[in-house]
A.B. asks: 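Take this structure, written in structure tokens, and hold onto it; I'll ask about it next.
In what follows, every chain begins at residue 1, and chains take the letters A, B, ... in the order their sequences are listed.
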2 protein chains.
Amino acid sequence: MPKRVDHGQRRAHIIEALVRVAAAEGLHAVTMRAVAAEAGMSLNLVQYYFDTKAQLMHAALERLEQQSHARWSARLARLPQPVTPQVFVETFLAEALPTDEESRAFHLVWTSYAVLAMTDPELAAQPFVEGPNRLERQLTAVLQQARDESAADRSWDAATEAAHLLTLAHGLGTSVLVGQRGAEAATRILHAHLDRLFDPGE
Amino acid sequence: MPKRVDHGQRRAHIIEALVRVAAAEGLHAVTMRAVAAEAGMSLNLVQYYFDTKAQLMHAALERLEQQSHARWSARLARLPQPVTPQVFVETFLAEALPTDEESRAFHLVWTSYAVLAMTDPELAAQPFVEGPNRLERQLTAVLQQARDESAADRSWDAATEAAHLLTLAHGLGTSVLVGQRGAEAATRILHAHLDRLFDPGE
DNA sequence: ATTTTCATGGTACCGCTGTACGATGAAAAA
DNA sequence: TTTTTCATCGTACAGCGGTACCATGAAAAT
């Protein structure tokens, strides 16, 4: 056969190899040859499916974004219905912390890309602005809903609080990745704040 | 003259060049030659003052840490005395945000190093654990003091809150570096939370 | 039965990067 | 005055990384 192969699948395979390499040795260790070796194929094939390294890097970034959406959707679907705003927010933020190994790899590589994007305008700053902004809007909506549904007097602003929570989660995630604290400690800090938000009067 | 030159000064000059390069083009663009060019000297001299690139990188990291301490000390000294805990905390965290250009450069390079340290055990994870931990202890102490001094009933835990504030500041800093929001927006979010901490009953 | 297409393999080239080696002038030490 | 030390220079070498080029078998298409 000219082995009419599924290109999408091949590309996915390669990108997964890239992520493994990046998660284990850092994004700087991502070389065409290293990815090829990790993917168990020849250097040529990587070139064949992604003409240039820049294309590979971009494709990997896009795929990471899609995957994070997929992860979140799946997790949301697994929640017992109906989903209260509080549970929604807690799940939302739990997903933003590197708890299991897969999540750790994702966040590490994502953060590496983010740092790259800080100086490389070529590497679309788009995912790192548009993406978080979308998340922030989603979270704002749910927080607003939680506020309205509750009789309790909540003195916070939904938009400000959404930004606060997301950046807090990201900061905590970084501290976990860098080994400053465990995922459990990060979760505790996050929940201490969430409890304060949702149960104001103690 | 064998121009008995001040080695410390030369090394500082080189490291400053490194930071400029890293801040402008990313840490991956930091090459011996690039640093030499930025420092206005020959490749040989960089090698002369730092035998190996690894040594240069380590030295730069150490210097960044010292500089951040120095910046903080200077800023603290400029504050009108006596310094109330609230002002102390606000200043502390303001310093943790990339407001001016110099601060932006510092935080960008520091974050780049942090990402490196996530996978490179050789690059002491020490500064990224020990350093933040020390800051956390300092902040905890001041928060505790603020709690004790105030008659108001504050329902938060000083240690948890210190970790929360520092990671929040770091997360906000990253969002600024990546262009998601301006330094002013980050400051607003931070202060919204600080006000809530220090003026509980609205 | 040819000819073309497709997936794959091997290898070569060029540029960049870290590092090493030797040279040189000038001043301090002898 | 001779010798050694010090800062500085230029250059070279080996390795690696991205990219390009060519080959090949096997199956479609003609």
Side-chain angles (χ1 to χ4, degrees), chain A residues 1-61 109 112-113 115-116 119-120 122-123, chain B residues 1-61 109 112-113 115-116 119-120 122-123:
Chain A
M1 41 178 168
K3 282 184 279 189
R4 234 33 195 322
V5 153
D6 181 349
H7 274 224
Q9 189 174 321
R10 280 275 194 272
R11 291 164 65 94
H13 180 69
I14 294 175
I15 289 180
E16 281 162 24
L18 181 152
V19 171
R20 281 196 299 275
V21 172
E25 304 173 56
L27 203 52
H28 59 271
V30 167
T31 160
M32 293 283 164
R33 287 168 173 85
V35 171
E38 176 69 30
M41 52 177 72
S42 122
L43 166 60
N44 252 312
L45 284 200
V46 179
Q47 259 188 273
Y48 182 70
Y49 289 105
F50 301 90
D51 271 5
T52 171
K53 184 186 181 183
Q55 287 183 33
L56 171 59
M57 296 286 282
H58 278 91
L61 181 55
V109 179
S112 304
Y113 269 99
V115 169
L116 268 196
T119 52
D120 185 355
E122 153 70 15
L123 196 65
Chain B
M1 40 176 168
K3 282 186 277 188
R4 237 25 196 327
V5 153
D6 181 349
H7 274 224
Q9 188 174 321
R10 280 275 194 272
R11 290 165 64 95
H13 180 69
I14 294 174
I15 289 181
E16 281 162 24
L18 181 152
V19 171
R20 281 196 300 274
V21 172
E25 303 174 55
L27 202 52
H28 59 269
V30 167
T31 163
M32 292 281 160
R33 288 169 173 85
V35 171
E38 176 70 30
M41 52 176 72
S42 119
L43 165 61
N44 252 313
L45 282 200
V46 179
Q47 261 187 271
Y48 182 70
Y49 289 105
F50 301 91
D51 270 4
T52 171
K53 183 187 181 183
Q55 286 184 33
L56 171 59
M57 297 286 283
H58 278 91
L61 181 56
V109 179
S112 304
Y113 269 100
V115 169
L116 268 197
T119 53
D120 185 355
E122 153 69 16
L123 197 64

A.B. asks: Within this structure, what is the CG-to-P distance between B/L45 and D/dA7, rounded to whole angstrom?
C.D. replies: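 Whole-Å distance recorded here is 10 Å.
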A.B. asks: Which residues within residues 48-55 of chain B lie with some heavy atom under 4.0 Å of an atom in DNA chain D?
C.D. replies: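 Listed by number, they are B/Y48, B/Y49.
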A.B. asks: In whole angstroms, how far is the P atom of C/dG9 from the CE atom of A/M41?
C.D. replies: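 Atom-to-atom, A/M41 to C/dG9, this comes out as 8 Å.
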A.B. asks: Once side chain to side chain donor-acceptor pair (under 3.5 Å) is applied, do any residues pair with A/R11, and if so which ones, sequence neighbours excluded?
C.D. replies: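 So A/R11 forms no side chain to side chain donor-acceptor pair (under 3.5 Å) with any residue.
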A.B. asks: I need the full list of salt bridge (Lys or Arg N to Asp or Glu O under 4.0 Å) pairs touching residues 39-59 of chain B, with sequence neighbours left out, sorted by first then second residue.
C.D. replies: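 Listed by first then second residue: nothing to list.
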A.B. asks: Could you tell me which residues satisfy side chain to side chain donor-acceptor pair (under 3.5 Å) with B/Q47, sequence neighbours excluded, listed by chain and number?
C.D. replies: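 Partners of B/Q47 under the side chain to side chain donor-acceptor pair (under 3.5 Å) test: none.
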A.B. asks: A side-chain contact here means heavy atoms from C-beta on lying under 4.5 Å apart; do A/Y48 and A/H7 qualify?
C.D. replies: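 Of all side-chain heavy-atom pairs linking A/H7 with A/Y48, at least one is under 4.5 Å.
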A.B. asks: Under a 4.0 Å heavy-atom cut-off, which of residues 7-38 of chain B touch DNA chain D?
C.D. replies: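 Result for residues 7-38 of chain B: B/H7, B/R10, B/R33, sorted by number.
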A.B. asks: Where do A/A29 and A/V21 come nearest, in terms of heavy atoms and distance?
C.D. replies: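 Distance-wise, the nearest heavy atoms are O-CG1, 3.7 Å.
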A.B. asks: Pick the closest DNA chain D nucleotide for B/D6 and for B/N44 by heavy atoms, then say which residue is nearer the 5' end.
C.D. replies: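 That would be B/D6.
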A.B. asks: When you measure from the side-chain N and O atoms of B/S42 to the phosphate of D/dC9, is any distance below 4.0 Å, counting only OP1 and OP2?
C.D. replies: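 Checking D/dC9 against B/S42, a side-chain N or O does come within under 4.0 Å of OP1 or OP2.
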A.B. asks: Can you check whether A/F50 reaches A/L18 side chain to side chain, under 4.5 Å on heavy atoms?
C.D. replies: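 Answer no - side chains too far apart.
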A.B. asks: Kindly say whether B/Q9 contributes a backbone atom to a donor-acceptor pair with the side chain of B/H13 at under 3.5 angstrom?
C.D. replies: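 Checking the backbone N and O of B/Q9 against the side chain of B/H13, no donor-acceptor pair under 3.5 Å is found.
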A.B. asks: Restricting to salt bridge (charged side-chain N to carboxylate O under 4.0 Å, His left out), what partner residues turn up for B/E25, sequence neighbours left out?
C.D. replies: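 Expected list: none.
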A.B. asks: Between C1' on D/dT19 and CG on A/L56, what's the gap in Å once rounded to a whole number?
C.D. replies: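 Roughly 14 Å, once rounded to whole Å.
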A.B. asks: So, A/Y113 side chain and A/M57 main chain: donor-acceptor pair closer than 3.5 Å or not?
C.D. replies: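 Checking the backbone N and O of A/M57 against the side chain of A/Y113, a donor-acceptor pair under 3.5 Å is found.
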A.B. asks: For B/H58 and C/dG18, what is the distance between atoms NE2 and C1' respectively, to the nearest whole Å?
C.D. replies: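 Spelled out: NE2 on B/H58 to C1' on C/dG18 is 16 Å.
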A.B. asks: Taking atom C1' of C/dT17 as reference, at what distance in whole Å does atom CG of B/L43 sit?
C.D. replies: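 Roughly 9 Å, once rounded to whole Å.
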A.B. asks: Kindly point out which of D/dA7, C/dA7, C/dT19 is positioned nearest to the side chain of A/R4?
C.D. replies: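 Nearest nucleotide to the side chain: C/dA7.
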